[in-house]
Every structure is written in C-alpha cells, then in structure tokens.
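Notes to accompany the following structure.
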Amino acid sequence: MKVYINTFGCAYNQADSKKIEKILLEKNISIVTNEKDADLVIVNTCGVKRATHNRIVNYLKNLKKKAIVTGCLVKILDLKRLDKRVIIANEIAEIDKLLKKESPKKIKLVKPIKRKIEEVGIIQISQGCLNKCNYCATKIARGNLKSKPISEILKELNEKIDSECKIIYLTAQDTGCYGLDIKTNLSELLEIILKEVK
C-alpha cells in the first residue's frame, strides 16, 4: 500500500502529520510524495478559517482516491457526506485501526524509509483552549486546554536536538494560555528551557 499525506493548517497540524507518518513507517507502509502514486490519501484538516474549510471541501470533492480524513474539521463539518470513499478518523490513534481495514490481509512490506534529517522540529505544548469565543470552533475541534508537562516537553526537545534539528517550534492552538491548567505558564516554560537545554 502507498499512502500520500496532505496536511492543511498550522504547525500543530504539521506535527500531527509527523505522528501519522510514524504510524505508517512502523507498519512499513510506503509514504509517497505524489498523490497520483498513492493507493490511499490521508487528509489532515484545519478548522480555523472559512477559506481553508472551502479549500478542503473542494479538495475532497475532487479527490479520485479513497481517503482517511482527520484533524480539526472532522469535528466541525460532516465531511462524510461529500463522498462515500471518505473515512473519518476523529483521533490520530484511530488511523492505525482504519489502515488494517483498508489494507489487504497482509500488508506488502516495502524497504523501510530512512528518517531524513529535518531542520525544523515541532513540539506540541498543549491542545485546546480556555476561551468560549462565538466566532471560533477551536473548542469544538480540540476541546478544553490540556497542557503537556514541562518534563515531557524537555524530553521531546532534547530528542529533537539529538536528531539534529536546528530550529524548534513550540506550538498549540492557544500558546499564550499554556500551563494555566497545570499551575505553570509559558514564561516559566521558556525560562526552564533556557536553563536546561545546552
């Protein structure tokens, strides 16, 4: 099976797509860079702007391949109605089970893809938000704020550095409210990073 991943949205979504890549690589599923070469397309959606909504909807309407669709927009819009070939994964963890259903009984093994050295490493420091803005669907898509403990962030940061990343992005839906649910904050996180990381 050959899979193409199409990512819409922010650095947070790009990090989610890296998690999807990891699931595929662990199964020795080939990741292709061209949609035409794929047997299956995984679409990681964004739900922040109407213009992006429209781009994703148009993309799915015109897609000629079977697709697993995940990300923010699956919790905001009913994307299944666009095409019977669209399969919804509400969480990234569901993709593993869906791949088993879509794959033959035995997935054809391919030569494992070596991880390429990436200059930019993305670390998700929290998910969701604390606000209830009428104009924003982030709360619907990502839920209440869930901050990652500083110890976990430091571990990921050191792993990125060991993997030769030269630039690190700390990302979230609302970076400014990081830590308010676990009795810390963004300033404290940054201070600790500067002290701990050499």
Trace of the side-chain contact (heavy atoms from CB on, under 4.5 Å) decision for I140 with T138: CA-CA 5 Å; I140 297 168; T138 297; over 6 Å; no
Give the minimum heavy-atom separation between [X] and [Y], together with the two atoms involved.
| X | Y | result |
| --- | --- | --- |
| I182 | P149 | CD1-CA, 4.2 Å |
| G9 | C46 | CA-CB, 3.7 Å |
| L40 | M1 | CD2-SD, 4.2 Å |
| C177 | C129 | SG-CA, 4.5 Å |
| A141 | I76 | CB-CD1, 4.0 Å |
| V74 | A89 | CG2-O, 4.0 Å |

Path from [X] to [Y] over hydrophobic side-chain contacts below 4.5 Å:
| X | Y | result |
| --- | --- | --- |
| L60 | I5 | no |
| I68 | L82 | no |
| I88 | I56 | yes |
| V120 | I123 | no |
| L79 | I87 | no |

Residue pairs, two or more places apart or on separate chains, that pass salt bridge (Lys or Arg N to Asp or Glu O under 4.0 Å) and touch residues 122-144: D16-R142
Atom NZ of K80: over 12 foreign heavy atoms under 6.0 Å: yes
K65, NZ: over 12 other non-hydrogen atoms inside 6.0 angstrom: yes
Under 3.5 Å side-chain donor-acceptor pair for Q127 and Y12: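 Yes - a donor-acceptor pair under 3.5 Å links their side chains.
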Short side-chain donor-acceptor distance under 3.5 Å, Y59 and E35: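 The criterion, which ignores hydrogens and geometry beyond distance, is satisfied for Y59 and E35.
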Among D181, L189, L186, L180, side chain to side chain contact (heavy atoms under 4.5 Å, CB included) partner for S147: D181
Any side-chain heavy atom of [X] sitting closer than 4.5 Å to one from [Y]?
| X | Y | value |
| --- | --- | --- |
| K18 | I122 | no |
| I95 | I42 | yes |
| I193 | L170 | yes |
| D174 | L145 | no |
| I23 | I92 | yes |
| V57 | L77 | yes |
| H53 | R50 | yes |
| L24 | L99 | yes |

What's the spacing between [X] [atom1] and [Y] [atom2] if we round to 0.5 Å?
| X | Y | atom1 | atom2 | value |
| --- | --- | --- | --- | --- |
| T175 | I125 | OG1 | CD1 | 5.0 Å |
| L73 | R55 | CG | CZ | 12.0 Å |
| K22 | I31 | NZ | CD1 | 12.5 Å |
| N158 | I153 | CG | CD1 | 12.5 Å |
| E191 | N185 | CD | CG | 8.0 Å |
| D37 | S30 | CG | OG | 9.0 Å |

K27 bridged to D96 by N-O distance under 4.0 Å: yes
E91 bridged to K75 by N-O distance under 4.0 Å: yes
Is it true that a side-chain atom of [X] and a backbone atom of [Y] form a donor plus acceptor pair closer than 3.5 Å?
| X | Y | result |
| --- | --- | --- |
| N58 | N54 | yes |
| E94 | N90 | yes |
| N131 | C133 | no |
| Q124 | T171 | no |
| N13 | T45 | yes |

Partner of S17 under side chain to side chain donor-acceptor pair (under 3.5 Å), chosen from N44, N6, T70: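 Filter result, single survivor: N44.
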Residue pair T33, Y4: steps toward the side-chain contact (heavy atoms from CB on, under 4.5 Å) verdict: CA-CA 6 Å; T33 56; Y4 173 71; 5.5 Å; no
